[in-house]
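As structure tokens, the structure follows; a few thoughts come after it.
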Amino acid sequence: MADLRSAFLEAYSQLKSELLHDPAFEFTDDSRRWVDRMLDYNVPGGKLNRGLSVLDSYRLLKEGKELTEEEIFLAGALGWCIEWLQAYFLVLDDIMDNSHTRRGQPCWFRVPKVGLIAVNDGVLLRNHICRILKNHFRGKPYYVDLLDLFNEVEFQTASGQMIDLITTIEGEKDLSKYSLSQHRRIVQYKTAYYSFYLPVACALVMSGENLDNHIDVKNILVDMGIYFQVQDDYLDCFGDPATIGKIGTDIEDFKCSWLVVKALEICNEEQKKVLYENYGKAEAVNVAKVKALYNELNLKDVFEKYESESYEKLITSIEAHPSKPVQAVLKSFLAKIYKRQK
């Protein structure tokens with residue numbers, strides 16, 4: 001995997017260079033420098049899990065056959081398209097959420113002289129995906145399938161972001177809107193499709209598969225994405241900030257978190273009153289009262305039960321799949337996230 005990672009990182013330099021010399025636009029030195037800096041700041045800075053997963057999944061689908069240099073590059077290019085998509089979402093999300101930091105550095109729009117130019121940079125990032133796909137896949141029989149896939153997943157993610165945003169409109173903080181089904185809907189659309197389904201779908205398309213024949217794979221990956229987000233919600237409150245790399249603020253931010261939804265489901269009227277009075281308030285005393293209630297309700301145990309049940313259900317679904325290589329891809333994804341601490 002280490003050599004795949006270095007091949008993946010090399011592909012970034014080539015793709016970036018192509019974009020900075022795109023014949024469809026006449027760059028000036030200033031504009032080329034701007035895009036160069038903007039890309040380096042926003043695209044390769046994360047864990048790169050989504051992008052690397054395309055390479056990893058494609059390798060497993062090929063059942064141990066030696067990949068050609070072209071296959072490694074093309075799978076890497078699709079992986080980078082997902083990282084570009086992620087960068088586009090994050091640049092715009094940070095503006096919408098008025099965030100301050102991302103991946104340990106100031107959000108792009110907070111960088112001096114960037115400001116709301118970041119909105120246009122987000123649009124550029126989205127357009128770069130089409131340029132990469134055109135440059136490297138236009139002659140492939142599955143080119144249209146890739147375009148359809150990225151367009152559909154982008155639409156699903158933006159729609160998930162919308163329901164998340166309109167559920168937490170300032171001045172309309174209403175916990176009665178929160179339920180397990182609402183949590184699932186937000187997570188499925190906002191996170192699961194692009195983080196879990198998209199990398200595997202890219203690998204399947206590149207392997208010559210028709211995605212219409214893999215609805216079961218999509219469903220398993222969406223369930224995995226929901227399980228992943230529930231872990232995230234749990235770690236936001238109970239994880240070690242030194243391990244996860246950030247201090248959780250879901251309680252202060254009035255997030256539709258799995259923990260608050262579960263608490264609402266199992267608490268009595270007295271406890272519900274505590275939640276309604278304290279959830280979504282930034283003061284430490286309010287946050288402490290919510291956390292104390294979570295402990296009173298034994299949400300750690302509730303989560304552990306959820307985690308083991310989810311794992312069993314996912315393994316059963318995966319092992320029911322007729323294709324061993326597809327099973328290997330799905331098990332590889334599950335192994336990366338089961339009982340994670342960050």
Only counting residues at least two apart or in another chain, list the ones meeting salt bridge (Lys or Arg N to Asp or Glu O under 4.0 Å) with K291.
none
Does any non-hydrogen side-chain atom of Y58 lie less than 4.5 Å from one of L74?
no
As a quick check of understanding, evaluate side-chain contact (heavy atoms from CB on, under 4.5 Å) for K218 and L211, giving each step before the final call.
CA-CA 9 Å; K218 181 194 281 193; L211 292 177; over 6 Å; no
Under the ring-ring contact (aromatic ring centres under 6.0 Å, His included) test, residues paired with Y311 that sit two or more places apart:
Y338
For K177 and D174, what are the C-alpha separation, side-chain angles and deciding distance, and is it a salt bridge (Lys or Arg N to Asp or Glu O under 4.0 Å)?
CA-CA 6 Å; K177 287 183 184 172; D174 180 6; 5.8 Å; no
4.5 Å side-chain heavy-atom contact, T28 and W34:
no
Test log, rule side-chain contact (heavy atoms from CB on, under 4.5 Å), inputs Y142 and E209
CA-CA 9 Å; Y142 52 81; E209 293 288 328; over 6 Å; no
Centroid separation under 6.0 Å, is that true for the rings of Y178 and F254?
yes
Side chains of Q14 and E10 only: does a donor on one sit below 3.5 Å from an acceptor on the other?
no
Heavy-atom count check: over 12 atoms from other residues, nucleotides or ligands less than 6.0 Å from E152 CD?
no
For the CD1 atom of I95 and the CG atom of D121, what is their distance to the nearest 0.5 Å?
8.5 Å
E70 and K140: salt bridge (Lys or Arg N to Asp or Glu O under 4.0 Å), yes or no, with the steps?
CA-CA 13 Å; E70 190 198 18; K140 303 286 180 196; 3.5 Å; yes
Taking V261 as the fixed residue, which of L175, D233, L180 is the one that meets the side-chain contact (heavy atoms from CB on, under 4.5 Å) rule?
L180
Point-to-point distance, once rounded to the nearest 0.5 Å, from NE2 of H136 to CD1 of I132
7.5 Å
Hey, does the side chain of K281 reach the backbone of E277 with a donor-acceptor pair shorter than 3.5 angstrom?
yes
Working to the nearest 0.5 Å, report the span between NZ of K300 and CG of L297.
14.0 Å
In this structure, would L90 and L52 fall into the same cluster of hydrophobic residues linked by side-chain contacts under 4.5 Å?
no
Say whether, by atom type as modelled, one donor and one acceptor occur between the side chain of R102 and the main chain of C107 under 3.5 angstrom.
no
Close aromatic pair by centroid cut-off 6.0 Å: Y189 and Y193:
yes
Can you tell me if F27 has over 12 outside heavy atoms packed within less than 6.0 Å of its CZ?
yes
Compute the ring centroids of W84 and F150, then answer whether they are less than 6.0 Å apart.
no
Test item: side-chain donor near acceptor, Q229 and H183, under 3.5 Å
no
Within-4.5 Å side-chain heavy-atom neighbours: N98 and R110
yes
What pair of heavy atoms forms the shortest contact from L55 to L4, and how long is it?
CD1-O, 3.8 Å
Taking the basic N atoms (NZ, or NE/NH1/NH2) and the acidic carboxylate oxygens, is any pair closer than 4.0 Å for E71 and R59?
no
To the nearest 0.5 Å, tell me how far K255 NZ sits from I186 CD1.
10.0 Å
Heavy-atom closest pair (Q327 atom, H321 atom, distance to 0.1 Å) is NE2-O, 2.9 Å
For salt bridge (Lys or Arg N to Asp or Glu O under 4.0 Å), just list the numbers for K262 and E265, CA-CA rounded to whole Å, side-chain angles, deciding distance to a tenth of an Å, and then say yes or no.
CA-CA 5 Å; K262 264 305 189 197; E265 200 181 75; 2.8 Å; yes
Closest heavy-atom contact between L314 and L334?
CD1-CD1, 3.8 Å
Is the closest side-chain heavy-atom distance between W80 and V54 below 4.5 Å?
no
Closest heavy-atom contact between S53 and P199?
CB-CB, 3.8 Å
Do the side-chain N and O atoms of Q182 and R185 include a donor-acceptor pair separated by under 3.5 angstrom?
yes
Quick one: do the N42 and R37 side chains pair a donor with an acceptor below 3.5 Å?
no
When rounded to the nearest 0.5 angstrom, what is the spacing between OH in Y12 and OG in S17?
11.0 Å
hydrophobic_cluster_shared for V91 and M96, side chain cutoff 4.5 Å:
yes
Identify whether I215 and F155 are in the same connected component of the hydrophobic contact network (ILVMFWY, side-chain heavy atoms under 4.5 Å).
no
Do H128 and Y88 have ring centroids that are under 6.0 Å from one another?
no
Apply the test side-chain contact (heavy atoms from CB on, under 4.5 Å) to residues K272 and E269: give CA-CA distance (whole Å), side-chain angles for both, the deciding distance (0.1 Å), then the verdict.
CA-CA 5 Å; K272 191 176 276 188; E269 285 308 310; 4.1 Å; yes
Approximate separation, where rounding is to 0.5 Å, of S57 OG and L78 CG
11.5 Å
Could you tell me if Y234 and E307 have a donor-acceptor pair between their side chains, going purely by distance under 3.5 Å?
no
With side chains defined as the heavy atoms from C-beta onward, is the minimum distance between L198 and L85 less than 4.5 Å?
yes
Contact between V123 and N127 at the side-chain level, heavy atoms closer than 4.5 Å - yes or no?
yes
Smallest heavy-atom separation, C81 atom then L133 atom, equals SG-CD2, 3.9 Å
Would you indicate whether the side-chain heavy atoms of E283 and N278 approach each other to under 4.5 Å?
no
What's the shortest heavy-atom distance between D250 and S257, and which atoms?
OD2-CB, 4.2 Å
Same cluster (ILVMFWY, side-chain, under 4.5 Å), I266 and Y276
yes
Count the heavy atoms belonging to other residues, nucleotides or ligands that lie under 6.0 Å from CG of L116, then report whether that count exceeds 12.
no
Does the side chain of F196 reach to within under 4.5 Å of the side chain of V222, using non-hydrogen atoms?
no
With a 4.0 Å cut-off, would you call R33 and D36 a salt bridge?
no
Hey, would you say the F89 and Y194 ring centroids sit under 6.0 Å apart?
yes
Check the pair D22, K134 against side-chain contact (heavy atoms from CB on, under 4.5 Å), reporting the backbone distance first and the verdict last.
CA-CA 12 Å; D22 192 320; K134 180 174 183 245; over 6 Å; no
Find out whether the Lys NZ or Arg CZ of K336 is both under 6.0 angstrom from the six-membered ring centre of F333 and within 45° of the ring's axis.
yes
Using the rule given for salt bridge (Lys or Arg N to Asp or Glu O under 4.0 Å), can you reason through R126 versus E154, listing the C-alpha separation, both sets of side-chain angles and the distance that settles it, and then say yes or no?
CA-CA 9 Å; R126 170 61 184 102; E154 182 196 355; 2.4 Å; yes
